[in-house]
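Input: a single structure, listed below in structure tokens.
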Amino acid sequence: MLEKLKAYIDSFNEITILTEKDMELEGIEFYLVQNQKRIKLEIISIHEEYQHYKFVAKYSNRIELHKEYYIVDNNDNYTTLRSGSIIRCPEFDELYKYDGPLGAEYSKNKTIFRVWTPVAKEIVLELINKNKKYKYSFNYVDRGLWECEVKGDLEGYGYLLNVRVFDEFKCIPDPYATASSANGKYNYIIDPDKLYKMKYTKPHFSGSYTDAIIYEASIRDFTYYLDNENKGNFLGLVEDHKTECGESTGLNYIASLGVTHLQLLPIFDFGGVDDINKNEQYNWGYNPEQYFVPSGWYSKNPDDPYSRINELLELVDECHKRGLRVIMDVVFNHVYKHEEFPFDYLVPGYYYRVGSDGFMSNASFCGNDFASERYMASRFIIDCLKYYTKVFNMSGFRFDLMGLLDIETLNKAHEVLKAIDNNIMLYGEGWNMNNPLPNELRPHMYNHAKVPGYAFFNDRFRDFIRGSQFDNFAGFAFESGKSLFDLYNIVLGSCLDYYKFKDPSQSVNYVECHDNYTFYDYGKTYLRLDESYVLDAARLAIEIVLISEGIPFIHGGEEFYRTKQGVENSYNTKDEINRIDYDRRDKYLDMVNTLRDIILIRKEYECLRSKDADEIKAFVRPLEALIDNNTFSYVLSCQKYNIFVIIKNDYEEKLIKLDNVCMIFDGYHKCDKPINQITLNAPGVYLFKGEKSKWS
């Protein structure tokens, strides 16, 4: 049941008042009250609704949202005036946008705490030190900014924010905090000068996206089943545990493949796990809770605020030492449990999208969609990206459900981050998911021209080569009779047809990632194919990924036929399903070496890494004499020679007659074999090098 009255500020000149159905309406009047001063409101409309009457009243005086107001009727019924949909008005963003510092600014003499909320009525800082609590009031400054300055050296103190927006105080963490106790019990004040100092610079990278080779890994998956001191933690990835065949593990293994970028699954603080009892729950990490704080689940000492930050800093440093740039998987399309997230207590309703029905939209399928298009929400995203780029030397960001963000925010982020690191990489999931943001403002792959600095996971590439369980078909790698015209466009960067990306640098080519079936499980579990057939198809698929124009993307373990025991979505299952099985790696070491070799080939021949669509159109052509339903060939014209590519997906013998060429990849390994003809009878990618005059 409603109270007698409820009242909301819905715009800068209108108040909505709801009354119970049994109230006497004849002669009713409403007054705006502040500091015992009454101002009569002009009623401009009345609507009878299911449970109440809805009055819309006009006011002319400016309401300062951080102050207390009441609505009273002429029968002395009253209610607190609450902020309503005014927080979603464009004028609200314009009036309250704030670009100064937020969070805790530490110095030895004092710490200044800053919080943004135009609608809070009171904020009280709660400091915690040695089980003692101290409270200090914030002062409202301007444009939604609240400040609290506390004298003295507060290093090591915990803190929380007590915020009153309506009637009750809510105790919340600081959304801009950079340090935390285990499980986010409270935030910490730290001295930034005491953080780990990096020893190594970022490895050289040209800045051309097509020169990158991305490898996706989970901290937990890659380390938990090793007999290491820090297994399951950030530094567990640094430790090297040799297997029986003498192969390395962790970072040393990943670096040995020759990849250029390591993409880590979410490493900020996330929910769905217990930082202390680490084995009670498993989660990939797409449950963001404290964006500026490294994950406590991945820290050997999650209650030590320096430890969890320094461990991540050291991990990134060790990646740089091994020639790996680091890409951070970020989740800005939703927050975990929005009803517990600080945003809902600071500015209720501002940070999340609302549909035409008045309810929060849920295109993310996580209970909320982050309103990235609003000024301070957009700023939050960019601030977070800047923080990890500057402090942790991140070399790129992979955006989860990127299509749910907005074009303006992504373009601004690109501009800001390029100013910090001109060679930064930005890409994400560009699915077009229906949500309240107009289609023309969504950064999905069909709007790729509006976000030229971003690449997109190419689901058409994945589905064509692997197949799709959603549309129930097998892909080219499984010997299906796919259109060779489509194959031609896909291996040439998807910039000639269909998506028509501006150039190959917008196409992230992959057949497997952390989501959905692994390639091996797709063949074994979904298609129910024989083991040997699936292994050959998986080898062919990863080879196509590496020789295609665009950005090759490899899911950790894909190179040794990773299996999750047929589990299609393992985000919260258990370690036994998600772990990296190094015994399996050793068993299929020949396939690992295939990947190493074809990576060397890709790096050696620039024509496999074309940078723009015009170059591809000018210097690539199919060879019609060597095209049938299962064998496809084309020529790449390089500066000094031509590269002849054959892609075959069946076991039928095919005699290939060539004139004075050299085979450089035989479907399994890098080689250097002069030949005039060859019989191919197995699936694979075959590469030949010839004189510039050949096939021109």
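With hydrogens and angles left out, the side-chain atoms of D317 and Y196 include a donor and acceptor closer than 3.5 Å. Of the N and O atoms on the side chains of N333 and D400, at least one donor lies less than 3.5 Å from an acceptor on the other residue. No side-chain donor from either of Y298 and D275 sits under 3.5 Å from a side-chain acceptor of the other. Using modelled atom types, one finds a donor on one side chain and an acceptor on the other under 3.5 Å when comparing Q290 with N187. Residues R442 and N447 have side chains that never bring a donor and an acceptor to within less than 3.5 angstrom of each other. Side-chain N/O atoms of D10 and S85 include a donor and acceptor closer than 3.5 Å. A donor atom on one side chain and an acceptor atom on the other are not found under 3.5 Å apart for E311 and Y306.
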For S208 and T210, what are the C-alpha separation, side-chain angles and deciding distance, and is it a side-chain hydrogen bond (donor to acceptor under 3.5 Å, both in side chains)?
CA-CA 5 Å; S208 171; T210 57; 3.1 Å; yes
One pair to check against side-chain hydrogen bond (donor to acceptor under 3.5 Å, both in side chains): S295 and D269. What are the steps and the verdict?
CA-CA 4 Å; S295 167; D269 196 60; 5.0 Å; no
Using the rule given for side-chain hydrogen bond (donor to acceptor under 3.5 Å, both in side chains), can you reason through N439 versus N432, listing the C-alpha separation, both sets of side-chain angles and the distance that settles it, and then say yes or no?
CA-CA 8 Å; N439 181 69; N432 186 11; 3.2 Å; yes
So S307 and N310, side-chain hydrogen bond (donor to acceptor under 3.5 Å, both in side chains) or not? Walk me through it.
CA-CA 5 Å; S307 183; N310 287 336; over 6 Å; no
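Ion pairing between a basic and an acidic side chain is recognised when a charged N comes within 4.0 Å of a carboxylate O; R379 and D383 show such pairing. A salt bridge links D329 with R398; the closest basic N to acidic carboxylate O contact falls under 4.0 Å. Between D344 and K337, none of the side-chain N atoms (NZ, or NE/NH1/NH2) sits under 4.0 Å from a carboxylate O, so this pair counts as no salt bridge. Between D486 and R460, at least one side-chain nitrogen of the basic residue sits less than 4.0 Å from a carboxylate oxygen of the acidic one, meeting the salt-bridge criterion.
With hydrogens and angles disregarded, no donor-acceptor distance shorter than 3.5 Å links the side chain of S361 to the backbone of A363.
The aromatic rings of Y351 and F343 sit parallel to each other, their planes meeting at less than 30°, with 60° as the upper class boundary.
Tested against K202 for a side-chain contact (heavy atoms from CB on, under 4.5 Å), the candidates N393, L324, V326 yield a single pass: N393.
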